[in-house]
Amino acid sequence: MAVLATVVLAACSDWLVEEPQDFFPLNQFPQTEADLAIALGGIDNWYSGGSNQPYFIRGWPILTEVTSDQTITTQTSGTRYEMDSYTLTSSTEWLWRVWQQIYGAIGAANFLIQHIPQMTEVSQDVKNRYLGAAKFHRAFNYFNAVRVWGGVPLVMTPDTSLAAAESSAHNTPRAPMPEVYDSIVKDLQDAATLLPLRWPGSATPDDGRPTRGAAEAMLADVYLNMSGALLGENHWTDAARAAKAVIDSGGYSLVPNFADLWLIKNKNGPEHIYSIQFQGVKRNLFTCQSRPSGVGTESCTNYWFSTRAFMNSFDSTDARKPVTFLTRVTAGTVTYYYDTTATDGKSNPFGDFNSRGLGFEPYYGKFFDAGGPGMINQNNSRTDLNWPIYRYAEVLLMYAEAENEAVGPDASALAAINQVRARANLPALAGLSQDSLRTAIRSERSFELAFESKRVFDLKRWGEFYDTLSVDPVASIGIQPFHVLMPIPQYEMDLDPKLVQNPGY
């Protein structure tokens with residue numbers, strides 16, 4: 001039987017030059033390392049390719065950023081507003097779009113995991129690298145799924161039917177959350193053993209292919225979530241050990257200037273552990289969606305922005321503050337301001353959402369770079385900026401959190417958070433109790449990782465989800481405690497009679 005190219009063989013990353021074919025017979029693919037590279041690029045295509053509102057171009061930020069207290073959509077109706085105001089239903093489109101993309105990537109990973117051990121024309125080292133990468137991708141997608149929906153269908157073998165192009169989860173009941181997490185841990189433990197710290201021929205630690213550091217960083221994250229409010233297990237020591245493995249590898253370091261992290265010319269630098277890659281024909285549309293309209297040649301789609309309250313929660317000396325938020329835009333010789341009206345002496349305002357009672361709101365600053373003035377328009381509202389999944393700064397904060405929970409506020413936990421604070425031009429912490437350090441770490445994650453799809457999941461695992469969002473100006477419209485888990489998409493419920501809906505929907 002043939003397999004559609006879009007399942008496992010789709011468009012490729014910049015480290016891949018081979019052109020995919022339309023169909024490959026299952027008994028002939030993969031055979032060579034070049035075949036494996038094509039197949040790995042096919043998994044990446046679920047994240048960034050195609051035209052169906054791809055995963056990390058629109059769907060994922062709508063599920064994970066628009067639903068947080070740090071982002072507000074500009075819509076006052078429609079599906080983005082449904083997510084922001086928690087008036088969503090199981091039929092809201094972003095749920096089924098992301099579900100299908102998650103299971104598409106899982107199906108492609110399952111294909112590789114099944115076939116790589118049978119290959120005879122490549123060395124064991126090559127097989128190990130690609131098997132580790134496939135297990136990383138499977139774990140990554142199940143980790144995303146379990147944090148959004150809780151228990152989900154646990155599909156561990158490939159579906160070679162044509163239906164796999166949409167979803168590989170048909171006719172499978174939901175596995176309990178602990179079982180899904182255990183599967184994720186097993187895949188990441190295998191991946192950390194199989195993957196290299198850096199791929200042969202790669203000039204940077206991160207080039208879009210999973211590495212040992214990426215697997216260990218995600219493993220630390222998984223253990224933090226398993227130790228949180230939804231699962232309630234105790235894996236703090238495991239989380240600290242996984243994060244420490246990344247630190248001890250010596251493969252990563254903080255970029256001295258926080259602003260430099262967000263420039264296209266610096267992507268895949270020493271702080272980037274794993275990023276979704278965008279370049280050339282696969283450009284990032286997400287960067288356009290958090291950019292205001294009405295600012296001349298720098299305008300874009302104006303889908304969402306942040307809040308003045310969040311911006312003002314940063315210390316005035318925090319070096320991250322002017323980088324994280326976009327408060328003025330210069331287009332040619334004209335400068336536009338977010339906090340002005342046409343009558344206060346600054347004649348070029350943007351971001352006036354007084355009609356919603358929210359005042360003037362800053363936009364995302366982190367993702368503003370388009371490669372130069374006016375390039376956002378020249379590139380059809382898209383850029384080559386990557387989407388960061390794990391940075392070394394987060395690993396330091398994960399280590400500090402896990403170590404503090406496991407043994408208390410020892411010197412190593414303080415040293416880790418203080419590295420992050422030092423770069424932000426903030427004073428070192430010292431002499432804190434466990435509770436005080438816990439509070440400080442949570443604040444530091446909020447400031448350091450703003451708009452990187454971390455906040456909602458942090459609130460869930462800290463048990464602060466409902467209390468925080470119930471006072472959010474938009475989320476409070478519909479938020480209920482059961483929204484800690486999203487509804488299973490109705491589209492999938494209709495296809496699979498074995499699926500059971502989450503409570504409350």
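Sequence positions, counted from 1, serve as the residue numbers for this chain.
- Shown here are the side-chain hydrogen bond (donor to acceptor under 3.5 Å, both in side chains) partners of His137, two or more places apart in sequence or in another chain: Tyr47.
- Shortest non-hydrogen contact noted between Ile106 and Val155 is CG2-O, 3.8 Å.
- Of all the heavy atoms in Leu40 and Ala133, the pair that sits closest is CD1-CB, 3.8 Å.
- Of the possible donor and acceptor atoms, none in the side chain of Ser91 sits under 3.5 Å from a partner among the backbone N and O of Gln490.
- A distance of 6.0 Å separates CG in Leu95 from CG in Leu88, rounded to the nearest 0.5 Å.
- Shortest non-hydrogen contact noted between Pro388 and Ser275 is CA-OG, 4.1 Å.
- Shortest non-hydrogen contact noted between Leu285 and Ser381 is CD1-O, 3.5 Å.
- Each of Asp384, Asn284, Asn268, Asp207 was checked for a side-chain hydrogen bond (donor to acceptor under 3.5 Å, both in side chains) with Gln277, and the lone residue meeting it is Asn268.
- What you find for Ser48 and Ile57 is that their closest heavy atoms are O-CD1, 3.7 Å.
- Both cation-pi conditions hold for Arg291 and Phe368: the charged atom is under 6.0 angstrom from the six-membered ring centre and inside a 45 degree cone around its axis.
- Rounding to the nearest 0.5 angstrom, the gap separating the OH atom in Tyr364 from the CZ atom in Phe305 is 10.5 Å.
- Under the ring pair (Phe, Tyr, Trp, His ring centres under 6.0 Å) criterion, Phe447 pairs with Phe314, sequence neighbours left out.
- Partner Glu82 forms a side-chain hydrogen bond (donor to acceptor under 3.5 Å, both in side chains) with one of Thr92, Thr89, Thr87 and no other, that one being Thr92.
- Inter-residue side-chain proximity for Phe451 and Phe286 is flagged as unmet; no heavy-atom pair is nearer than 4.5 Å.
- Here the side chain of Ser68 pairs a donor or acceptor atom with the backbone of Gln70 at under 3.5 angstrom.
- Between the side chain of Thr73 and the backbone N or O of Tyr303, at least one donor-acceptor pair lies under 3.5 Å.
- When the options Arg461, Lys454, Lys460 are evaluated for a side-chain hydrogen bond (donor to acceptor under 3.5 Å, both in side chains) with Asp458, the one that passes is Arg461.
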Could you go through the side-chain contact (heavy atoms from CB on, under 4.5 Å) check for Val180 and Met177 one step at a time?
-> CA-CA 5 Å; Val180 178; Met177 284 179 64; 5.7 Å; no
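- In terms of modelled atom types and a separation under 3.5 Å, the side chain of Glu271 and the main chain of Val255 share a donor-acceptor contact.
- Remark: the backbone N or O of Ala242 is not paired with any side-chain donor or acceptor of Glu216 at under 3.5 angstrom.
- Between Leu254 and Leu396, some side-chain heavy-atom pair lies under the 4.5 Å cut-off.
- Remark: Asp238 engages Tyr223, His235, Arg241 in a side chain to side chain contact (heavy atoms under 4.5 Å, CB included) (not counting sequence neighbours).
- Between Thr204 and Lys267, the closest side-chain pair of non-hydrogen atoms is not below 4.5 Å.
- Nearest approach of Gly213 to Val246, heavy atoms of both residues: O-CG2, 3.7 Å.
- Although no hydrogens or angles enter the test, the distance criterion places a donor-acceptor pair under 3.5 Å between the side chain of Thr193 and the main chain of Gln189.
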Show your working on side-chain contact (heavy atoms from CB on, under 4.5 Å) between Tyr142 and Asp187 and close with a plain yes or no.
-> CA-CA 10 Å; Tyr142 274 124; Asp187 271 349; 5.6 Å; no
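- You'll find the ring centres of Trp99 and Trp149 inside the 6.0 Å limit.
- The ring pair (Phe, Tyr, Trp, His ring centres under 6.0 Å) search around Phe136 returns Tyr274, not counting sequence neighbours.
- Side-chain contact between Phe457 and Phe465 is absent, with no heavy atoms from C-beta onward closer than 4.5 Å.
- In this structure, a donor-acceptor pair under 3.5 Å is present between the side chains of Asn144 and Tyr55.
- Residues Leu449 and Arg391 form a side-chain contact, since some pair of their non-hydrogen atoms from C-beta on lies under 4.5 Å apart.
- Tested against His272 for a side-chain contact (heavy atoms from CB on, under 4.5 Å), the candidates Asn386, Ile389, Asn266, Asp206 yield a single pass: Asp206.
- Put simply, CG on Leu385 and CZ on Phe278 are 9.0 Å apart, with the number rounded to the nearest 0.5 Å.
- Of the charged side-chain nitrogens involved, at least one lies within less than 4.0 Å of a carboxylate oxygen, so that Arg445 and Glu394 count as a salt-bridged pair.
- Here CZ of Arg209 is found 13.0 Å from CD1 of Ile43. Values are rounded to the nearest 0.5 Å.
- Counting only distance, with no hydrogens or angles, the side chain of Ser443 and the backbone of Ala440 share no donor-acceptor pair below 3.5 Å.
- Atom OG of Ser90 sits about 9.5 Å away from atom OH of Tyr505, to the nearest 0.5 Å.
- For the side-chain hydrogen bond (donor to acceptor under 3.5 Å, both in side chains) condition, the pairs that include at least one residue of residues 173-183, sequence neighbours left out, are Arg174-Asn502.
- With respect to Arg58 and Glu93, no salt bridge is recorded, no charged nitrogen being found less than 4.0 Å from a carboxylate O.
- Listed for the Asp369 side chain is a donor-acceptor partner under 3.5 Å among the backbone atoms of Ile264.
- Checking side-chain atoms of Asp496 against main-chain N and O of Glu492 turns up no donor-acceptor pair under 3.5 Å.
- Between Thr211 and Pro205 the shortest side-chain heavy-atom distance does not fall below 4.5 Å.
- Distance CZ/Arg80 to OG1/Thr71: 12.5 Å, rounded to 0.5 Å.
- At a threshold of 4.5 Å between non-hydrogen side-chain atoms, the residues Pro61 and Trp387 count as touching.
- Panel note: side chain Trp199, backbone Pro210; a donor-acceptor pair is recorded below 3.5 Å.
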Show your reasoning for whether side-chain contact (heavy atoms from CB on, under 4.5 Å) applies to Met156 and Ile113.
-> CA-CA 9 Å; Met156 305 299 281; Ile113 291 166; over 6 Å; no
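- Residues Arg455 and Leu459 have side chains in contact (heavy-atom distance under 4.5 Å, counting atoms from C-beta outward).
- Among residue pairs with one or both ends in residues 463-483, those qualifying as side-chain hydrogen bond (donor to acceptor under 3.5 Å, both in side chains) are Arg442-Glu464; sequence neighbours excluded.
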Take Leu131 and Lys127 through the test side-chain contact (heavy atoms from CB on, under 4.5 Å) and record every step on the way to the result.
-> CA-CA 6 Å; Leu131 182 59; Lys127 289 199 287 186; 5.8 Å; no
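- Using bins of under 30°, 30° to 60° and over 60° for the plane-to-plane angle, the ring pair Tyr392/Tyr252 lands in the parallel bin.
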